[in-house]
A.B. asks: 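Before I ask anything, here is the structure I am working with.
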Amino acid sequence: MELFLFSLLLVVCVFTLAGNLTIITLVGIDRRLQSPMYFFLCNLSFLEVVFVLTITPKMMTNLVSRNKSISFLGCIVQCYSYFFFGTCEIILIAVMAFDRYIAICHPLRYTIIMNGRVCVNLMLACWVGGFLNNFGPIVLLSQLSFCSSNVIDHFFCDYAPLVKLSCNDVDTLLTLESTLSALVLLSSLCVTIVSYLYIIVTVLRMQTSGSRRRTFSTCASHLTVASIFYGSAIFMYSLPSKGRSRDAQKAVAVLTAVVTPLLNPFIYSLRNEKVKDAFRDCWQRPKRIL
């Protein structure tokens, strides 16, 4: 069973890396994709790559090795990296929704509002937000005393299973974790919902059905990815840790750490005409040279 799971994870990891690295490459070399929307998509793919590399290699190693241990420092680093990159992605989803709002509701001012400096600053805000949101809890976690079991009931070093191994009073720490997670999730969700409410109103005012269809089609990929992110993240981290089912939490953790990064590039490439055209041209270019 472990060999089967290792093979499955290996295939998923390879496809995930290939898909996201393809998106990054296409955005970097194709001029048609040199816009804020694809700049943020490129950063999302980069976050997916490092997110997967944070969790999956150690999970695969544990499946084929008799020694399934991890050092305390390695566990803390893995835990922090998982939440850091995950928080960056959640904030980036809201930034991408805001970008679509500006593009559709204020098209004439889009290039002025979403200039290169603004895009870079928004991306920096994602990284800074991810760092600040998780720095305090992880520092407090690293200072806990672990004097009982050293077996983590999870596939990786998740926050709640680690806290439960401590012999300290952790109620305050769990409350802090849930509060910060809920704050980021709900604020990001609010920005996304408000942005798309304005988008829907603007689209309904369009005169032709063709314009409505094209506009909705540009937002469909982002809405699909956002739904997966918010659904799984809210279930895992906005609910109190004590009220979660362990098996359900582990299943959703695998969904967010393994399956979601695999789906994102395919969702965008299958639904986005510009990405498909760029991939087609990139694929055919070596053949034309030969």
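Positions are given from 1, in the same order as the sequence printed here.
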A.B. asks: Rounded to the nearest 0.5 Å, what separation is found between the CG atom of Leu63 and the CE atom of Met1?
C.D. replies: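 Reported value, rounded in 0.5 Å steps: 10.0 Å.
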A.B. asks: To the nearest 0.5 Å, tell me how far Cys75 SG sits from Leu162 CG.
C.D. replies: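 Going from the SG atom of Cys75 to the CG atom of Leu162 covers 4.0 Å.
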A.B. asks: Determine whether Cys42 and Ile24 make a side-chain contact, defined as any pair of heavy atoms from C-beta on separated by less than 4.5 Å.
C.D. replies: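 Cys42 vs Ile24: side chains touch.
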A.B. asks: Tell me, do Val258 and Val52 make a side-chain contact under 4.5 Å, heavy atoms counted?
C.D. replies: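 With C-beta onward as the side chain, the pair stays apart.
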A.B. asks: Name all residues meeting the ring-ring contact (aromatic ring centres under 6.0 Å, His included) criterion together with Phe146; count only those two or more places apart in sequence or in a different chain, and write none if there are none.
C.D. replies: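 Partners of Phe146 by the ring-ring contact (aromatic ring centres under 6.0 Å, His included) criterion, ordered by chain and then number, come out as Phe72.
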A.B. asks: Under a 4.5 Å cut-off applied to non-hydrogen side-chain atoms, are Leu185 and Leu189 in contact?
C.D. replies: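 Answer no - side chains too far apart.
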A.B. asks: If you take all heavy atoms of Ala97 and Ile199, which pair is closest and at what distance?
C.D. replies: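 Taking every non-hydrogen atom into account, O-CD1, 4.5 Å.
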A.B. asks: How close do Ser166 and Leu144 get, counting heavy atoms only, and between which atoms?
C.D. replies: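 Minimum heavy-atom separation between Ser166 and Leu144: OG-CB, 3.7 Å.
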A.B. asks: So which heavy atom on Gln78 is nearest to which on Thr54, and how close?
C.D. replies: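 Heavy atoms only, the tightest pair is NE2-O, 3.4 Å.
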A.B. asks: Please list, one pair per line, the donor and acceptor atoms closer than 3.5 Å that link side chains of residues 130-137 to other protein atoms, with sequence neighbours excluded.
C.D. replies:
residue, atom, partner, partner atom, Å
Asn134, ND2, Phe83, O, 3.3
Asn134, ND2, Thr87, OG1, 3.1
Asn134, ND2, Gly130, O, 2.7

A.B. asks: Please report the shortest heavy-atom distance between Ala94 and Tyr230, naming the atom on each side.
C.D. replies: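 Closest approach of Ala94 to Tyr230: N-OH, 4.0 Å.
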A.B. asks: I'd like to check Leu141 versus Cys79 (side-chain heavy atoms, cut-off strictly below 4.5 Å). Are they in contact?
C.D. replies: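 The answer is yes; the side chains approach within 4.5 Å.
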A.B. asks: Could you report the tightest heavy-atom contact between Thr22 and Ala18, atom names first, then the distance?
C.D. replies: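 Result for this residue pair: OG1-O, 2.6 Å.
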A.B. asks: In chain order, what residues pass the side chain to side chain contact (heavy atoms under 4.5 Å, CB included) check against Leu124, with sequence neighbours excluded?
C.D. replies: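 Leu124 satisfies side chain to side chain contact (heavy atoms under 4.5 Å, CB included) with Val120, Asn121 once adjacent residues are dropped.
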A.B. asks: Just by distance, no angles: are the side chains of Asn67 and Ser65 close enough, under 3.5 Å, to form a donor-acceptor pair?
C.D. replies: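 No, Ser65 and Asn67 have no side-chain donor paired with an acceptor closer than 3.5 Å.
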A.B. asks: Would you say Phe156 and Ile76 are hydrophobically clustered, going by side-chain heavy atoms of ILVMFWY under 4.5 Å?
C.D. replies: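 They do share one cluster, since a chain of ILVMFWY contacts under 4.5 Å joins Phe156 to Ile76.
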A.B. asks: List the residues meeting side chain to side chain contact (heavy atoms under 4.5 Å, CB included) with Met123, not counting sequence neighbours, and say none if there are none.
C.D. replies: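 Scan of Met123 (side chain to side chain contact (heavy atoms under 4.5 Å, CB included), adjacent residues dropped) gives Phe39, Phe40, Asn43, Leu47, Leu92, Cys126, Trp127.
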A.B. asks: Say whether Leu180 and Val170 are linked into one hydrophobic cluster, either directly or through other cluster members, by side-chain heavy-atom distances under 4.5 angstrom.
C.D. replies: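 Per the 4.5 Å side-chain linkage, Leu180 and Val170 are co-clustered.
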A.B. asks: Should Leu122 and Met114 be marked as a side-chain contact (heavy atoms from CB on, under 4.5 Å) after you check the CA-CA gap, both sets of side-chain angles, and the distance that decides it?
C.D. replies: CA-CA 10 Å; Leu122 287 173; Met114 299 299 293; 3.9 Å; yes
A.B. asks: Side-chain contact, heavy-atom cut-off 4.5 Å: Tyr38 with Ser35?
C.D. replies: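 A side-chain contact exists here, since the closest heavy-atom pair is under 4.5 Å.
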A.B. asks: Determine, step by step, whether Arg100 and Met37 satisfy the side-chain contact (heavy atoms from CB on, under 4.5 Å) criterion, reporting the C-alpha distance in whole Å, the side-chain angles of both residues, the deciding distance to 0.1 Å, and the verdict.
C.D. replies: CA-CA 8 Å; Arg100 290 299 81 210; Met37 173 182 173; 3.5 Å; yes
A.B. asks: Would a 4.5 Å heavy-atom cut-off, applied to side chains only, mark Phe15 and Pro265 as touching?
C.D. replies: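 Heavy-atom side-chain distance check fails, nothing below 4.5 Å.
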A.B. asks: If you define the side chain from C-beta out and look only at heavy atoms, does anything of Ile152 sit under 4.5 Å from Cys157?
C.D. replies: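 In contact.
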A.B. asks: Does any N or O in the side chain of Asp30 come within less than 3.5 Å of the main-chain N or O of Val27, such that one atom is a donor and the other an acceptor?
C.D. replies: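 Checking the backbone N and O of Val27 against the side chain of Asp30, no donor-acceptor pair under 3.5 Å is found.
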A.B. asks: Linking I/L/V/M/F/W/Y whenever their side-chain heavy atoms sit closer than 4.5 Å, directly or via other members, would Phe84 and Val139 fall into one cluster?
C.D. replies: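 Cluster IDs for Phe84 and Val139 match.
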A.B. asks: Among pairs that include at least one residue of residues 160-205, which meet ring-ring contact (aromatic ring centres under 6.0 Å, His included), considering only residues two or more places apart or in two chains?
C.D. replies: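 Qualifying pairs: Tyr101-Tyr198, Tyr196-His222.
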A.B. asks: Can you tell me how far the CG atom of Asn62 sits from the CD1 atom of Ile70, to the nearest 0.5 Å?
C.D. replies: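 Reported to 0.5 Å precision, the distance equals 7.5 Å.
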A.B. asks: Would you confirm whether Ser45, through its side chain, and Ile23, through its main-chain N or O, come within 3.5 Å as a donor-acceptor pair?
C.D. replies: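 A pair under 3.5 Å: no.
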A.B. asks: Spell out, yes or no, whether Leu183 and Phe229 are grouped together once hydrophobic residues are joined by side-chain heavy atoms under 4.5 Å, including indirect joins.
C.D. replies: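 They do not share one cluster, since no chain of ILVMFWY contacts under 4.5 Å joins Leu183 to Phe229.
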A.B. asks: Atom CD1 of Ile228 and atom CD1 of Ile93: how far apart are they, to the nearest 0.5 Å?
C.D. replies: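 Going from the CD1 atom of Ile228 to the CD1 atom of Ile93 covers 9.5 Å.
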A.B. asks: Minimum heavy-atom separation for Val118 to Ile113, with atom names?
C.D. replies: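 Heavy atoms of Val118 and Ile113 come nearest at CG2-O, 3.3 Å.
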A.B. asks: Are more than 12 heavy atoms, taken from residues, nucleotides or ligands other than Phe46, located less than 6.0 Å from that residue's CZ atom?
C.D. replies: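 It does not: Phe46 CZ has 12 such atoms or fewer within range.
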A.B. asks: Just checking, is any N or O donor in the side chain of Tyr80 or Ser142 under 3.5 Å from an acceptor N or O on the other one?
C.D. replies: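 Not at all, the side chains of Tyr80 and Ser142 share no donor-acceptor pair under 3.5 Å.
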A.B. asks: In chain order, what residues pass the side chain to side chain contact (heavy atoms under 4.5 Å, CB included) check against Asp169, with sequence neighbours excluded?
C.D. replies: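 For Asp169, the residues satisfying side chain to side chain contact (heavy atoms under 4.5 Å, CB included) (neighbours in sequence not counted) are Asp171.
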A.B. asks: A side-chain contact here means heavy atoms from C-beta on lying under 4.5 Å apart; do Val64 and Glu2 qualify?
C.D. replies: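 Sidechains of Glu2 and Val64: no contact.
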A.B. asks: Roughly how far, to the nearest 0.5 Å, is CE of Met59 from CG of Leu9?
C.D. replies: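 With rounding to 0.5 Å, CG (Leu9) is 5.0 Å from CE (Met59).
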A.B. asks: Hey, quick one: are Leu165 and Leu73 part of the same hydrophobic cluster, counting side-chain heavy atoms closer than 4.5 Å, chains of contacts allowed?
C.D. replies: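 No, Leu165 does not connect to Leu73 through the hydrophobic network.
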A.B. asks: Would you say Asn20's side chain and Glu48's backbone share a donor-acceptor pair under 3.5 angstrom?
C.D. replies: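 Checking the backbone N and O of Glu48 against the side chain of Asn20, no donor-acceptor pair under 3.5 Å is found.
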A.B. asks: At what distance, to the nearest 0.5 angstrom, does CG of Asp99 lie from CD1 of Ile102?
C.D. replies: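 Reported to 0.5 Å precision, the distance equals 8.0 Å.
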A.B. asks: Have a look at Thr260 and tell me which of Asn264, Leu262, Leu263 forms a side chain to side chain contact (heavy atoms under 4.5 Å, CB included) with it.
C.D. replies: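 It is Asn264, the one option of Asn264, Leu262, Leu263 that forms the side chain to side chain contact (heavy atoms under 4.5 Å, CB included) with Thr260.
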